[in-house]
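Here is the structure we will look at, set down as structure tokens.
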Amino acid sequence: MSARDNILSKIREARSSAPQNVPAAPIANYLALHQRGPSPPPPDDLVTGFKKRAIKLSSDVLETSVRMEVPALLAHYLEERKLPLRGVCWTSLVGLPWGAAGLEMLPNPATNQDMVGVTGAFCAIAETGTLMMLSGAETPASTSLLPETHVAVLDPLRIVATMEDAWDLLRLEYKQPPRAVNFISGPSRTADIEQTVTLGAHGPYRVLVILAPP
Amino acid sequence: MQNKAIDFKRQVNIKLADTKLQDALSRLQTRFVEGRSAVISEIHHLEDTRTAAAAIRDCVLNDLDSWLQKFEQQAIAHGAIVHWAETATDANRIVTEIAAQHNVLTAVKSKSMVSEECGLNDALEHAGIKVMETDLGEYILQLAHEAPSHIVAPVVHKNKEEISDLFAEKHQMSRKTGIAELCLEAREILRPAFLNADMGISGANFLIAETGSVLIVTNEGNGRLVTTLPRVHVAITGIEKVVPTLEDVTTLLRLLPRSATGQSITNYVSVLTGNKDAKAHDGPEHFHIILLDNGRSSLIGGEMQEMLRCIRCGACMNHCPVYQNIGGHAYGWVYPGPMGSILTPLLSGLKSSPDLPNASTFCGACAAVCPVKIPLPDLLRNLRTRQMALGLKSRQEVLMLKVWGWLTLHPRIYALATKIGVRILAMMGGERHLLHTLPGATGWTDGRDFPAPSGKTFREMYRKKSTK
């Protein structure tokens with residue numbers, strides 16, 4: 001017998017002799033229900049709720065009502081912090097007027113040399129101030145991971161209340177999750193040395209969310 | 001990892017006298033205990049959420065074989081390869097075989113307690129594969145050739161100065177003293193390792209049956225790098241980690257980081273499903289998942305099954321007065337604190353860890369904070385009963401319990417014996433009412449004086465009061 005059969009038959013035997021054994025509901029029925037657990041009431045305003053939580057987890061948040069102004073906002077943010085003015089972006093963002101704002105953004109997946117990575121986001125979650133990113137050919141995961149600064153351009157209408165709502169949105173727009181769903185809540189951090197929080201461990205040192213309409 | 005739980009009592013004395021460790025442990029209490037209490041109340045309907053979390057875990061455990069098969073089916077359908085390992089040795093062999101199959105020479109790892117359980121690093125090094133731990137805490141331990149002392153904060157026993165010395169010696173660089181500088185130095189040394197590694201090894205916090213996904217929570221980003229950059233990803237985890245749906249795992253995620261580190265969510269939560277497709281720029285070409293039993297299946301259907309609900313948050317050890325005073329190393333294996341005092345005997349034998357079920361005051365703090373409501377003191381008590389039944393208690397202890405049992409069944413003799421007893425103890429206590437030593441039970445008085453009784457038994461005082 002294979003290891004698989006051994007393990008499964010051991011469990012089966014143990015279950016059948018167990019006094020508390022109850023006939024389980026069929027798995028297919030359970031899965032189809034997508035039953036939610038207790039979740040918090042949604043904030044009065046999703047955008048305000050998201051901003052509050054994101055800032056609490058050390059993300060920076062900027063807002064504009066004009067999408068074309070995103071490059072200028074970013075240029076100002078980078079100049080203020082004396083950060084490099086060049087980087088990589090997802091291909092969907094290549095059309096923004098980066099050059100006019102004095103930025104150079106190449107539509108490539110990030111390498112170790114790239115200091116700024118600009119992405120979109122599938123959606124965001126107000127409950128925890130979290131970005132939800134889906135990996136894909138046009139949305140490489142490395143852009144939000146390798147550079148020291150991660151910038152996410154987010155449509156404020158894509159902010160949902162809870163992670164459960166985010167899963168529903170994923171099911172609605174895609175049949176199944178992509179290779180990687182990454183939830184990002186602020187810059188990478190560690191507290192391994194003396195339980196003291198240090199921002200910028202192996203991932204980005206800073207996360208900037210720019211709220212802008214599509 | 002070699003099990004040294006048999007050495008518990010000797011280790012306790014060493015750890016209690018270790019002032020550096022005592023300092024480190026007091027930090028853990030302030031950061032993790034206060035951190036948890038600050039954010040756990042953010043959860044609306046906390047008790048309902050804990051009850052729901054326990055029910056989700058029980059639902060899977062009560063039908064574990066079916067859920068495992070569902071998970072396996074979904075994982076394979078999305079391109080993962082699923083392996084089953086009955087023992088730690090089997091798991092190590094499978095990882096080594098995967099490495100050979102893909103011509104792997106170097107591997108990077110994110111933190112995995114199951115891999116510590118297996119002693120995976122040693123097995124891989126033995127097979128000629130260079131393994132690098134990338135979680136900062138685990139990396140420090142790998143450099144120092146030490147074992148983790150906490151399942152969430154593995155290097156909690158070391159202070160900044162020790163880490164400064166270690167880095168200066170091992171990295172051959174100038175000695176850094178700031179925590180941020182130390183983190184930066186580790187980042188710069190580890191980044192090339194991520195970029196060049198052939199294989200990434202991770203654990204899994206949860207396995208999602210609905211989608212066949214592996215879920216990993218991390219803060220440092222090393223978990224993402226390990227599972228994104230190398231061309232092979234191996235996730236190794238226990239068979240009990242299955243959760244039915246994305247909704248269920250969301251309920252558990254509300255509790256896990258809050259209970260563990262006092263965070264409302266970890267920086268990264270990664271849900272990984274299958275391998276990369278041809279068009280994608282990043283992601284592993286090969287995704288292997290290893291499901292390890294290593295004794296877990298023997299808990300199914302029995303009175304200890306509730307232990308398998310555990311989601312490894314570490315709250316029980318953070319709140320345990322025993323762990324708070326001795327740290328994790330004294331427990332002798334991978335899992336310390338109350339959950340370890342139960343898991344270690346169950347997974348590797350009650351005989352080789354006789355002190356662990358007794359390393360508890362039964363204060364109940366662990367059960368009060370457990371996010372999945374494991375009745376930890378009940379399970380510990382159950383192990384003590386088993387020890388008695390199996391004749392694993394010392395003759396002295398058995399004799400004492402027998403005498404006590406006989407006395408309590410004979411109330412008149414009990415009253416007389418206690419009457420005499422308290423009077424002798426009161427006399428021995430002298431003017432300061434303190435006993436420096438208790439004959440036959442010096443363990444009680446080695447570290448402190450024992451307060452002497454007043455000289456009257458409770459019954460005598462009660463009778464006097466009620467006749468007034």
Quiz item: Does any non-hydrogen side-chain atom of A:I193 lie less than 4.5 Å from one of B:L182?
Solution: yes
Quiz item: Can you tell me how far the CG atom of B:L246 sits from the CG atom of A:L170, to the nearest 0.5 Å?
Solution: 7.5 Å
Quiz item: Tell me, do B:W67 and A:I27 make a side-chain contact under 4.5 Å, heavy atoms counted?
Solution: yes
Quiz item: Tell me, side chain or backbone of A:L131 under 4.5 Å from chain B's heavy atoms, or both, or neither?
Solution: neither
Quiz prompt | Atom group of A:T130 that falls short of 4.5 Å from chain B, counting heavy atoms | solution = side chain
Practice problem: Would you indicate whether the side-chain heavy atoms of B:T266 and A:F183 approach each other to under 4.5 Å? | Solution: no
Practice problem: Sort B:D90 into side chain, backbone, both or neither according to what part of it lies under 4.5 angstrom from a heavy atom of chain A. | Solution: neither
Quiz item: Which bit of B:A85 is near chain A, if near means a heavy-atom gap under 4.5 Å: side chain, backbone, both or neither?
Solution: backbone
Exercise. Output the distance between atom CD1 (B:I265) and atom OG (A:S185), rounded to the nearest 0.5 Å.
Key: 4.0 Å
Self-check item: Between A:M133, A:R36, A:E127, A:E138, the one whose heavy-atom pairs under 4.5 Å with chain B are most numerous
Solution: A:E127
Quiz prompt | Presence of salt bridge, B:R191 and A:E148, under 4.0 angstrom | solution = no
Quiz item: Most heavy-atom pairs under 4.5 angstrom with chain B, which of A:P177, A:G37, A:A3?
Solution: A:A3
Exercise. Under 4.5 Å, counting heavy-atom pairs only, tell me which of A:P41, A:S2, A:G136 racks up the most with chain B.
Key: A:P41
Quiz prompt | Rounded distance [0.5 Å steps], OH in B:Y139 versus OG1 in A:T190 | solution = 13.5 Å
Quiz item: Side chains of B:E220 and A:R189: does their closest heavy-atom pair fall under 4.5 Å?
Solution: no
Quiz item: Does any heavy atom of chain A fall under 4.5 Å from the side chain of B:T227, the backbone, both, or neither of them?
Solution: backbone
Exercise. Compare all side-chain heavy atoms of A:N182 with those of B:R224 and state whether any distance is below 4.5 angstrom.
Key: yes
Exercise. Counting only heavy atoms closer than 4.5 Å, note whether A:L31 contacts chain B via side chain, backbone, both or neither.
Key: both
Quiz item: Side-chain contact, heavy-atom cut-off 4.5 Å: A:E194 with B:D23?
Solution: no
Quiz item: In terms of heavy-atom proximity below 4.5 Å to chain B, should A:E164 be classed as side chain, backbone, both, or neither?
Solution: both
Practice problem: Answer whether the closest heavy-atom distance between the side chains of A:Q35 and B:T245 falls below 4.5 Å. | Solution: no
Quiz item: Under the 3.5 angstrom rule, does the side chain of A:R179 hit a backbone N or O of B:K276 as a donor-acceptor pair?
Solution: no
Exercise. May I ask you to test the A:Q176-B:T273 pair for a side-chain heavy-atom distance under 4.5 Å?
Key: no
Quiz item: Within the distance-only criterion (no hydrogens, no angle test), does the side chain of B:N222 pair as donor or acceptor with the backbone N or O of A:H202 below 3.5 angstrom?
Solution: no
Exercise. Could you look at A:P204 and say if it's the side chain, the backbone, both or neither that has a heavy atom under 4.5 Å from chain B?
Key: both
Quiz prompt | When A:I11, A:L33, A:L145, A:T128 are compared by non-hydrogen pairs under 4.5 Å with chain B, the top option | solution = A:L145
Quiz item: Any sub-3.5 Å donor-acceptor pair from B:D282's side-chain atoms to A:A141's backbone N or O?
Solution: yes
Self-check item: Leading residue by heavy atom contact count with chain B [cutoff under 4.5 Å; candidates A:S58, A:P40, A:S188]
Solution: A:S188
Self-check item: Largest heavy-atom contact set with chain B, pairs under 4.5 Å, which of A:T162, A:V181, A:T198
Solution: A:V181
Quiz item: Salt bridge check: are A:R4 and B:E72 linked by an N-O gap of less than 4.0 Å?
Solution: yes
Quiz item: Between B:L253 and chain A, which part of the residue has a heavy atom less than 4.5 Å away: side chain, backbone, both or neither?
Solution: side chain
Practice problem: Heavy-atom distances under 4.5 Å only: say whether B:S264 touches chain A with side chain, backbone, both or neither. | Solution: both
Self-check item: Part of A:S144 within contact of chain B (heavy atom distance under 4.5 Å)
Solution: both
Practice problem: For a side chain to side chain contact (heavy atoms under 4.5 Å, CB included) with A:I7, tell me which candidate from B:D65, B:I239, B:L291, B:L292 qualifies. | Solution: B:I239
Quiz item: What is the distance from atom NZ of B:K70 to atom OH of A:Y30, rounded to the nearest 0.5 Å?
Solution: 14.0 Å
Practice problem: Check whether B:L195 gets within reach of chain A through its side chain, its backbone, both or neither, counting any heavy atom under 4.5 Å. | Solution: side chain
Quiz item: Is there a donor-acceptor contact under 3.5 Å from the side chain of A:R15 to the main chain of B:N62?
Solution: yes
Quiz prompt | Interchain contact, A:P140 with chain B, by part (heavy-atom threshold 4.5 Å) | solution = both
